[in-house]
J.: 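Following this message is one structure expressed as structure tokens.
The sequence lines fix the lettering, A, B, ..., with proteins before strands; numbering per chain opens at 1.
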There are 2 protein chains.
Amino acid sequence: MKAATIRDVAERAHVSVASVSRVLTGAGAVTDATRARVMEAVDALSYVPHSGARSLSTSRTDTVGVILPDLFGEFFSELIRGMDVAARAHGLHLIVSSSHDDAADASAAIRSMRGRVDGLIVLSPHLDSANLTGNLSGRLPVLLMNGGEADSGRPSIAVDNVGGAVAAVEHLVAMGYRRIAHIGGPAGNLEARERQAGYVQAVLAAGLEPAVHNGDFTQASGHVAMTALLRGRDRPDALFAANDMMAIGALLALQEAGLRCPDDIAVVGFDDVPIAALVRPGLTTLHIDIAETGRHAMERLVRLIAATSLPDAVPDTTRETIHPRLVIRQSCGSPQFSTLDGGASAPARLVSNGE
Amino acid sequence: MKAATIRDVAERAHVSVASVSRVLTGAGAVTDATRARVMEAVDALSYVPHSGARSLSTSRTDTVGVILPDLFGEFFSELIRGMDVAARAHGLHLIVSSSHDDAADASAAIRSMRGRVDGLIVLSPHLDSANLTGNLSGRLPVLLMNGGEADSGRPSIAVDNVGGAVAAVEHLVAMGYRRIAHIGGPAGNLEARERQAGYVQAVLAAGLEPAVHNGDFTQASGHVAMTALLRGRDRPDALFAANDMMAIGALLALQEAGLRCPDDIAVVGFDDVPIAALVRPGLTTLHIDIAETGRHAMERLVRLIAATSLPDAVPDTTRETIHPRLVIRQSCGSPQFSTLDGGASAPARLVSNGE
DNA sequence: CTGTTAGCGCATTCAC
DNA sequence: GTGAATGCGCTAACAG
């Protein structure tokens, strides 16, 4: 038994397919009588419109795609959650595509999106603007969230990683720490590079000595790096890790070594993933409202999509910047802040330029 | 400038659309000469096939849908990650649909999937088998993962919540605890109900007194419940929470009250989300390899989809059961197990009946 | 208000 | 090996 089509419904209701379409889409006027007959047939056949066929006809898919590097950790899942909320609010479906190892793979993914989505949010670091224009054929609305690319002329959202790192270091300096080490992220990662640059910049500005150690954003790498740090001479009195997971790994390494945080070594992370507030001591970190950022990105994509159907639309090439804010918990030596899930924080700001 | 169609390519290459289709799909023999001309045109126009149109023609979408209750917490994100890996391995796209508040909402979601996906994995508790058959029209392959429903005759995967809870309580009893309290999950939640049932059953079997308190799966509710427990008379010496987040909330409440875990009160959770290994003391809990379960579910759905195109396919109505395994960490009084990320555990088992 | 018809973009017969 | 024609299921003019 195959699925019923609009034609089956039309036959059973003794009307034309057009009428069926009218009652189902709500567009066009229909007699109450026909409406009733159609609905009866729909019910009897348990007919469900074929959205693929509808898409082909209307050239709208009511679906948006998200291209991600991977699905690991809380960052991306929170982001997707935010996007999903906004998408649903607009009656849109969400199709996720992740784990693209290289540019070719990512390009293939993006090409396969044609005819499947009305717009795209791209976070994959392998996809720069050139890559996109080459693989996108028509002008599918695309929102870039993969950092860098300030010059692409495409709408984008980026995190102020340098500013966040500077804020972290400045806070540590203000608290009196002087030997501040850094654990960096993966070599090729842009965000990691920016955070490290901010660290170096701020440390030098304070007249201190930078000390960078390698990590890869995993908790394990933070653990390894901190263990090595503790064995080395010239042990630091504070650590700024390029993300929270590494900071937590460092925290555990400290505990295992019988040292206390922040008394012996203070620790600051980046991202403020949910776990950060749950470890002890609570992790001081740079907060990004991830879900909210995802929601905001989706809202913006929706606007982009709407604009493409307008004749006189002003092309949006705005680059938005998300400014992380410092959340102070116990891991950096402020025992006065020890509430359950947070602590004091600098005022939030989310600004956009050029709009 | 609109996106190029297969016809544009055909014109530019001076061949028929059929030939273009042949070189692009790989099906059918083509001269090297024509192939070259077509490829040239494809390149020049940066043509990308319209997957929607292709789907309509082939009646395959190469996309699978996942219906979830929500996207909160690490459980669902890990599950999706596992599914995504398997889906990609089979060249399938993943479309996620979540946050359905009620049955009507969920039904609408599932209906809108027709013509959009080749198969569905359903975790939404609002969708029982009757609901599905009513809204599915044809016979779209569906894998159920929403518990209960053992009688539906549909392929499904379920977690042995009762068995897990029994294992947790038995372990606590074996460790010498006698006043074992429970914090349950949301009222309507089936999994929560099963875990509670297992708890009550095991406690009674041990000749002890059950003591159930209310929670809603959030960390905050665990915190509240534990705080209340501590204030009450007849304070328990152990707690079994219906999930990890509540267990962690309870853990924090203990710390704030100046009590020690497990010395004053032991705590056991359920799920083994990644955080569980990172809190201190490490949380003893029931481990489910979430990502692996997602991967496995997707593999099974792929098989279901493949079977529908076979004429003599044996309908799969198997109900698989995932058995959680107890992971012993420090929170239940086994300080001898104190590695970084885990601890000893009972042997894993994943069995299926009826296959 | 209703029915007829022409696409949407592509894969796939079927003749040549 | 190639091209012309048909249909996938639906919406949207267009006449009636």
Side-chain angles (χ1 to χ4, degrees), chain A residues 2-38 41-42 45-63 111-118 137-138 140 309, chain B residues 2-38 41-42 45-63 111-118 137-138 140 309:
Chain A
K2 298 198 55 188
T5 76
I6 196 174
R7 199 156 0 223
D8 299 325
V9 177
E11 281 182 20
R12 191 172 206 289
H14 299 292
V15 297
S16 70
V17 294
S19 290
V20 177
S21 178
R22 285 190 193 99
V23 332
L24 258 37
T25 60
V30 187
T31 320
D32 281 346
T34 34
R35 180 190 315 285
R37 307 233 308 274
V38 168
V42 166
L45 302 174
S46 66
Y47 167 74
V48 179
H50 189 290
S51 19
R54 178 176 289 178
S55 293
L56 190 56
S57 182
T58 60
S59 58
R60 288 184 312 107
T61 61
D62 292 328
T63 302
R111 303 177 96 244
S112 74
M113 286 294 182
R114 147 136 149 106
R116 218 186 275 283
V117 299
D118 295 333
S137 179
L140 193 70
S309 56
Chain B
K2 298 195 54 186
T5 76
I6 195 174
R7 196 149 12 217
D8 300 325
V9 177
E11 281 182 21
R12 191 174 207 287
H14 299 293
V15 296
S16 70
V17 294
S19 291
V20 177
S21 178
R22 285 189 193 102
V23 334
L24 259 36
T25 59
V30 187
T31 319
D32 281 347
T34 36
R35 181 190 314 285
R37 308 235 305 276
V38 168
V42 166
L45 302 173
S46 66
Y47 166 73
V48 179
H50 189 290
S51 19
R54 178 176 288 178
S55 292
L56 190 54
S57 184
T58 60
S59 59
R60 288 185 312 108
T61 62
D62 293 327
T63 303
R111 303 177 98 247
S112 75
M113 285 295 182
R114 148 136 148 106
R116 216 185 277 282
V117 299
D118 295 333
S137 178
L140 193 70
S309 57

J.: Return the value, rounded to whole Å, for the distance between atom NE2 of B:H14 and atom P of D:dA4.
T.: 14 Å
J.: OP1 or OP2 of D:dC10 sitting under 4.0 Å from any side-chain N/O of A:R60?
T.: no
J.: What's B:S19 touching, base or sugar-phosphate or nothing? Going by heavy atoms closer than 4.0 Å.
T.: sugar-phosphate
J.: Side chain of B:Y47: nearest nucleotide among D:dA5, C:dT5, C:dC10?
T.: C:dC10
J.: Measure the shortest side-chain to side-chain distance between B:V23 and B:T34 over non-hydrogen atoms and say whether it is less than 4.5 angstrom.
T.: no
J.: Between B:R54 and B:T25, do the side chains contain a donor N or O and an acceptor N or O under 3.5 Å apart?
T.: no
J.: Of the non-hydrogen atoms in A:V9 and A:V38, which two are nearest, and what is the gap between them?
T.: CG1-O, 4.1 Å
J.: Taking CD from B:E11 and P from D:dG3, how many angstroms apart are they, rounded to a whole number?
T.: 13 Å
J.: Heavy atoms only: give me the nearest A:A41-A:R12 pair and the separation to one decimal.
T.: CB-CB, 4.0 Å
J.: What integer distance in Å separates B:D118:CG from D:dC8:P?
T.: 18 Å
J.: Between B:A53 and B:A29, who's closer to the 5' end of DNA chain D by nearest nucleotide?
T.: B:A29
J.: So A:S59, base contact, sugar-phosphate only, or nothing? Heavy-atom distance under 4.0 Å.
T.: nothing
J.: When all nucleic acid strands are considered with a 4.0 Å heavy-atom cut-off, which category describes B:T25: base, sugar-phosphate, or nothing?
T.: sugar-phosphate
J.: Would you kindly give the CE-to-P distance between B:M113 and D:dG9, to the nearest whole Å?
T.: 20 Å
J.: Within this structure, what is the CG-to-P distance between B:L56 and C:dT12, rounded to whole angstrom?
T.: 13 Å
J.: Closest heavy-atom contact between A:R37 and A:A13?
T.: NH2-O, 2.9 Å
J.: Regarding B:V15, tell me which of base, sugar-phosphate or nothing describes its non-hydrogen contacts under 4.0 Å with the strands shown.
T.: sugar-phosphate
J.: Taking the side chain of B:S16 as its heavy atoms from C-beta onward, which of C:dT4, C:dT12, D:dG3 lies nearest to it?
T.: D:dG3
J.: If you check every side-chain atom of B:S57, which of D:dG7, D:dT2, D:dC10 has the closest atom?
T.: D:dG7
J.: A:H50 NE2 to D:dC8 C1': how many Å, rounded?
T.: 8 Å
J.: Heavy atoms from C-beta onward define the side chain here; which of C:dC8, C:dC1, D:dC10 lies closest to that of A:P49?
T.: D:dC10
J.: Roughly how many Å is it from CZ in B:R7 to C1' in C:dG9, rounded to a whole number?
T.: 7 Å
J.: If you measure only the distance, is there a donor-acceptor pair under 3.5 Å linking the side chains of B:R116 and A:T63?
T.: yes
J.: Choose from D:dG9, D:dA4, C:dT2 the nucleotide whose nearest atom is closest to any side-chain atom of A:T31.
T.: C:dT2
J.: Quick one: label A:T34 by what it contacts on the DNA or RNA (base, sugar-phosphate, nothing), any heavy atom closer than 4.0 Å.
T.: sugar-phosphate
J.: What integer distance in Å separates A:L45:CG from D:dG9:C1'?
T.: 15 Å
J.: Of all the nucleotides listed (D:dT2, D:dC10, C:dA11), which has the minimum atom distance to the side chain of B:R54?
T.: C:dA11
J.: Mapping B:R22 and B:T58 onto DNA chain D by nearest heavy atom, which one lands closer to the 5' end?
T.: B:R22
